[in-house]
Amino acid sequence: MAKPAAPDFHQLESLGEDIKRYVLSILGNDLYPPDPFRYYSGLAYAIRERLIRMWLATQASYYDSMSKRVYYLSMEFLPGRFLMNYITNMGMEDGCRQAAADLGFSLDDLAEEERDAGLGNGGLGRLASCYMDSMATQRIPGYGYGILYDYGLFHQRIVNGWQEEEADNWRRHGSPWVIDRVEHLYEVKFYGRSEAYTDPQGVLRYRWAEADTVMAMPCDILIPGHGGKHVTNMRLWAAASSTGFSLRDFNQGDFLGAMQSKIHSENISKVLYPNDEPIQGKELRLRQQYFLVAATLRDIIRRHKKSGPGFDEFPDQVAIQLNDTHPTIAVAELMRILVDEEFLGWDEAWAICRRTFAYTNHTVLPEALETWPADLLGRVLPRHLEIIAEIDRRFLLEVAAAHPGDQGRQNRLAIIDPASRRVRMAHLAIVGSHKVNGVARLHSDILREKVFPEFDALYPGKFTNVTNGITPRRWLLQANPALSRLITARIGPDWTTDLDRLAELLPLAEDPDFRKDWRAAKRENKKRLARYVLRKSGMGINPDTLFDVQVKRMHEYKRQFLNVLHVVTLYNRLRRDPHLAVPPRTVLIGGKAAPGYFMAKRIIRLITAVAETVNADDAVRSRLRVVFLPNYCVSQAEKVIPAAELSQQISTAGMEASGTGNMKFALNGALTIGTLDGANIEIMEAVGRENIFIFGLTAKEVEATRAAGYDPGRRVAADAELAEALDMIGRGYFTPSEPDLFAPILDNLLRHGDYYLVTADYRACLEAQDAVNALYLDPEAWTAASIRNTANMGFFSSDRAVLEYAKNIWNIEPLGE
Ligand code: NBY
């Protein structure tokens, strides 16, 4: 039978009427006065309807193909805004612009009405969202699974120079993108006890008794691939109490007690944890993790059973990717289901588990490796602790067989640390997976050689690398229309799904006309950002200065402090010599500090203090400005990154697993100043050593420097400019009314050994900045380097990354057309 012609789901002729109808019928609002939020919502519902139709068609093709699917389990997704992403990926931009204009709005203004979905902390969550986009675009059958937090990452305000946190109630006015599936509730258990019993065949078995239950409701967010032919979805779980309230308590007259237990269960999906350190003892966080895992596995198994095959074929149908250790309790949960509920033998169940799971590690910071006290885990998930102990017992027999008599090795590798009685989630993830990957080549090498060498020896070939990637749809096509238009005009539109095609721009770096157009596009973006900064902070910045940007979470290892030292030094040089031959600069810094991270918050205060002083100083005002951008988030990144000319990626080498901001900037034609850390190394190899400013110690040198007992005092004594900058900060030059404000930062550096080696890399950083200045004074050379950056970034597409996962880890073929 001939295939029916693909239906046209877009139907843009009726869009204007649809929008009005939705404003009336779904939102129950008047069309007048024409409120932008109402019209944004109306447009969103009109898009949503078209999307749902396409998604239903995609689902049908999944079932037809019976293909293996990947389930990407992540406690965090950071999609940002949806509207423009849907519109660009579905190719509806012209129609939507017209419809908005007919209603008296600009599409861009309507798009600004949307609140970001900020259900993640930073790189890890954003990576998950880029991978969703690429899986949909590359037709890799898969789903994202996560939690629908009522409150995303806190909103940051700057008050008197300090960070203040506000709740991010992102769905206060509803969200058109979230589709509640009230018909598919699952029960999730907590607490209670593990109970042994003998089945009718006389076999000893275990069940989970006297547990509390919470209901998990699936909420879907649709993810259209580019070109709009394939739509996948993210299934996010929301918690609901199982009974409304406990009837037993109510009957005893304890209404408030009954309500309490209802609130207790609904708390589970209330709020995303910021990646503070104290998170690891938090019972609610553990309950969140299990909630995600239990509901997701139920859903996966339901789908598996519906499609027919038995459990021996489970790993041929299902791949589960653990986005860091946060969902690792899934290993124990799948074992529990297979052994306790499906009655498989332990060995059979274990083989299935290992073939199903794979684990991505995103950090080597020892303090960030997740562990849970065994007694806490055993109280919340009693049966799981038993299962983990049994996995551990069998695993340690394996270790003992490979290294007889080596008790030290057993202790080091044990899943449950015998000394601290803490469950090491990374060990459970490694033992329970068939592949473990790092997120950039250097990071994967460090995992294998430094962090988990004994696991690598035990399991040759298990450790692998997939360098991170970013979606070119959001991060170039959508965020940077000016540059995208220019690129498409020269090389056609196919780069959006085949990013290597950008290499066709390389010869154009030699073309003065093209360079002129390139500069004009960049300038348009800089003006757009200047308007944004003016709107948000009342501060004017000059688009004819060098835009030097560092935006990312605030962390000591990312060394925003090193950036500040450069700013202070530049300030001192300009005060001494107002005619210094350097280009005028605007330094923009943004990022959130975890609420409990004292030092990171202090560094924000330092940045705002330096900004106040510098910006008020008439002697340098046309040469140097410093801006702290409050509330860095995905939608802000979309404005900042296309306007950046210099991208600061200056972490202590060996500490930033990969970075993905670094990729977004280079793709948008910013030149990187950075260390040989994470993916910076691969970016350098791609764009060419002469088109990037690399400085500082390598990861190996960092290790050696620390091992030799680094003495920051000597370094400072030998460097007058460094000593001067530190002295000003330490003496309260920037905060005269509170001279001791930054003493803790200086103490860290000078009395506690400068762990992040800021002073060690200071001079090299300044020399690299001298090279930046020299090149920027030659606009033609700078522009050529900028073009070469963009042209060489093809490798960093998340399309390449997910195809690598599909081939090397998931064993999944993309679906055909
Ligand atoms: O993951 C980041 C890495 O720092 C970065 O180098 C890498 O590019 C990116 C993607 O692979 N890690 C990250 O963003 N981590 C978190 O956001 C995070 C979130 C929660 C917790 C810890 C870390 N937690 O303990 O709950």
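Start at 1 and go down the list; that is how both ligands and their atoms are numbered.
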**Message:** I need the single residue from Leu588, Leu646, Ile641 that forms a side chain to side chain contact (heavy atoms under 4.5 Å, CB included) with Val549. Which is it?
**Reply:**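 Going through Leu588, Leu646, Ile641 one by one, the side chain to side chain contact (heavy atoms under 4.5 Å, CB included) with Val549 is satisfied by Leu588 alone.
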**Check: Met132 and Tyr143 side chains under 4.5 Å, non-hydrogen atoms** =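 No, too far: nothing below the 4.5 Å cut-off.
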**Message:** Under 6.0 Å between ring centres: does that hold for Tyr131 and Tyr805?
**Reply:**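 That pair passes the under 6.0 Å test.
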**Request:** Establish, yes or no, whether a centroid distance under 6.0 Å links the rings of Tyr290 and Phe190.
**Result:** yes
Ligand 1: protein N/O within less than 3.5 Å of ligand N/O:
{"unit_1": "ligand 1", "atom_1": "4 (O)", "unit_2": "Tyr557", "atom_2": "OH", "d": "3.3"}
{"unit_1": "ligand 1", "atom_1": "4 (O)", "unit_2": "Glu656", "atom_2": "OE1", "d": "3.0"}
{"unit_1": "ligand 1", "atom_1": "6 (O)", "unit_2": "Glu656", "atom_2": "OE1", "d": "2.6"}
{"unit_1": "ligand 1", "atom_1": "6 (O)", "unit_2": "Ala657", "atom_2": "N", "d": "3.3"}
{"unit_1": "ligand 1", "atom_1": "6 (O)", "unit_2": "Ser658", "atom_2": "N", "d": "3.0"}
{"unit_1": "ligand 1", "atom_1": "6 (O)", "unit_2": "Gly659", "atom_2": "N", "d": "3.1"}
{"unit_1": "ligand 1", "atom_1": "8 (O)", "unit_2": "Asn468", "atom_2": "OD1", "d": "3.4"}
{"unit_1": "ligand 1", "atom_1": "8 (O)", "unit_2": "Gly659", "atom_2": "N", "d": "2.8"}
{"unit_1": "ligand 1", "atom_1": "11 (O)", "unit_2": "His362", "atom_2": "ND1", "d": "2.6"}
{"unit_1": "ligand 1", "atom_1": "11 (O)", "unit_2": "Asn468", "atom_2": "OD1", "d": "2.8"}
{"unit_1": "ligand 1", "atom_1": "14 (O)", "unit_2": "Gly123", "atom_2": "N", "d": "3.3"}
{"unit_1": "ligand 1", "atom_1": "14 (O)", "unit_2": "Leu124", "atom_2": "N", "d": "2.9"}
{"unit_1": "ligand 1", "atom_1": "26 (O)", "unit_2": "Arg285", "atom_2": "NH2", "d": "3.0"}

**Prompt:** Between Asp168 and Arg115, is there a side-chain N and carboxylate O pair less than 4.0 Å apart?
**Reply:** yes
**Sidechain N-carboxylate O distance under 4.0 Å for Arg473, Asp799** =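 Result for this pair is yes, salt bridge flagged.
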